[in-house]
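As the structure lists them, so they are numbered: ligands from 1, and atoms in each ligand from 1.
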Amino acid sequence: MRLPDYKEARTRDVRDYKTIQFKFDEKIKNKYLGKKYYLKTYGCQMNEHDSENIRALLENIGFSEIDDYEKADLILLNTCSIRENAHNKAFGMLGRIKHLKEMRPEVLVGLCGCMAQEASVVEEILTDYKFVNFVFGTHNLYDLPEIIDKAIETNKQQIEVLSREADMVEGLPVIRANKFKAYINIIYGCNKFCTYCIVPYTRGRERSRKKEDILKELEELVKDGYKEVTLLGQNVNAYGKDLYDDYNLANLLEDVAKTGIPRIRFTTSHPWDFTDDMIEVIAKYPNIMSSIHLPVQSGSSSILKKMGRRYTRESYLELFDKMKKIIPNVTISTDIIVGFPGETEEDFEETLSLVEYCKYDNAFTFIFSAREGTPACKLEDNTPLKEKEDRLQRLNEVVNKYFLENNKKLEGKVLSVLVEGVSEKKNMYYGYSETNKLINFSSDEEIEVGSIVPVHITNAKTWSLDGKIDR
Ligand code: 5AD
Ligand code: SF4
């Protein structure tokens, strides 16, 4: 049994790992043929992508996927720790599974992802959720086939969580959810240790993948006809720092752009690491999408300092202005936390005024959630929840106002749309613009899903646009 440990998670020389090639264990290939798995994914795109690897690992040992957990032989929850409600959702699901286990004790239940890296969660599983058959962490996802096999063969609970990142594993199999949009990991983990954030503990320190490995994966996607790639990392702007002296995200973006894949996105960016070179490369290549996610978290410099964000309101706005000036038609989205411990009404009003200035195209807004083990969890917090909810609502009113205002400016324009699917209504399709706006549009002619088409925008809404094909 290997249990998670935050103290250990904090200490690690980031260069101290090797890259190893993943190999299937031939002894268990197809061993569980005919068995069904149900996989539930919580959280961010990183987790979504991990689940794409998990699917391939499970299917290699014979499992096939179903979407009704009550009929599954294996139920696996790929969990998220970012806020308390993500936790609650996973524990709620475990509660339902407990009932199912009473009727069908043979069902195998597993938990992985970020919650598995938390010592308190694993303790709770050991004491109150004994029916969970196995737990494995984000650092040893590739062990899944062996862990399952061991759980079945020994009939004993398997807890296999590495607190510190293990070696970098290349060549993990993948079953992608989409045939024309793909995720590629470029960097794992985060070294920023923002005081509210649990990610550096659950995902470890920053480890970049070698550029050759990333570009090889990308070339295959291009060969397979993929139209869009999203480069993933908790902080993509730190790409390369742990590996190279003279190769960073700007260089990688340029190399990715040169492959000719029509759309390149990247997420998430930390404003602190965003260099002028990166801005210039984004401006230079039309296939690097000019929509940037730039989390601000707060508009108050004093709160930003308490959050450990390493920038001030002023330096954030300087970067913001630079992007708006240099990247043609750039759209910027953000994340904002309200109710951080010690946030006063004045601090909050600074957030509102920053939003009034930035007029974001999209914003994800949250109430601060105290995460055990993070420095912010220990700070005195006198603001009542009611007040925080009120701030969130006031903030949402302002952000929504600008979503609509920005969308209105697109009425009458023609946007290029990557078609994602056919809607239930006749002759209706939906897809995303280069700036990541959801567009519902009509076309009398049949359109292929996965193609990129021009759409004339006829009507703007807060969260989407209506249009018709421009032929
Ligand atoms: N409480 C509330 N929101 C949080 N986020 C991260 N940690 C917390 C927390 N403890 C938000 C940040 C981040 C986004 C992914 O989630 O805004 O950018
Ligand atoms: Fe949630 Fe963060 Fe883990 Fe993603 S990396 S699943 S957002 S805790």
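Below 4.0 Å from some heavy atom of I337 lie the following atoms of ligand 1, by number and element: 3 (N), 4 (C), 5 (N), 12 (C), 17 (O). For ligand 1, the atoms sitting less than 4.0 Å from at least one non-hydrogen atom of F366 are 3 (N), 11 (C), 14 (C), 16 (O), 17 (O), numbered in the order shown with element in parentheses. Of all atoms in ligand 1, listed by their number and element, those nearer than 4.0 Å to a heavy atom of F368 are 1 (N), 2 (C). Distances below 4.0 Å separate heavy atoms of Q297 from the following atoms of ligand 1: 12 (C), 13 (C), 17 (O), 18 (O). Per-residue contacts place S369 under 4.0 angstrom from the following atoms of ligand 1 (heavy atoms of the residue considered): 1 (N), 2 (C), 9 (C), 10 (N).
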Practice item. Evaluate ring pair (Phe, Tyr, Trp, His ring centres under 6.0 Å) for Y239 paired with F266, printing each intermediate quantity in order. Key: CA-CA 11 Å; Y239 177 77; F266 52 94; over 10 Å; no

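Contacts of H87 classified as ring pair (Phe, Tyr, Trp, His ring centres under 6.0 Å), with partners at least two apart in sequence or in another chain: none.
No cation-pi contact links R209 to Y188, judged by a cut-off of 6.0 Å to the six-membered ring centre and 45° from its axis. For the pair K211 and Y244, the cation-pi test (distance below 6.0 Å, angle within 45°) is passed. For the pair K359 and Y357, the NZ or CZ position fails the cation-pi test of under 6.0 Å to the six-membered ring centre and within 45 degrees of the ring normal.
The backbone of I367, and not its side chain, has at least one atom closer than 4.0 Å to an atom of ligand 1 (non-hydrogen atoms only; backbone = N, CA, C, O).
Here the side chain of N406 pairs a donor or acceptor atom with the backbone of Y360 at under 3.5 angstrom.
Polar contact check, Y196 against ligand 1: a nitrogen or oxygen pair lies under 3.5 Å apart.
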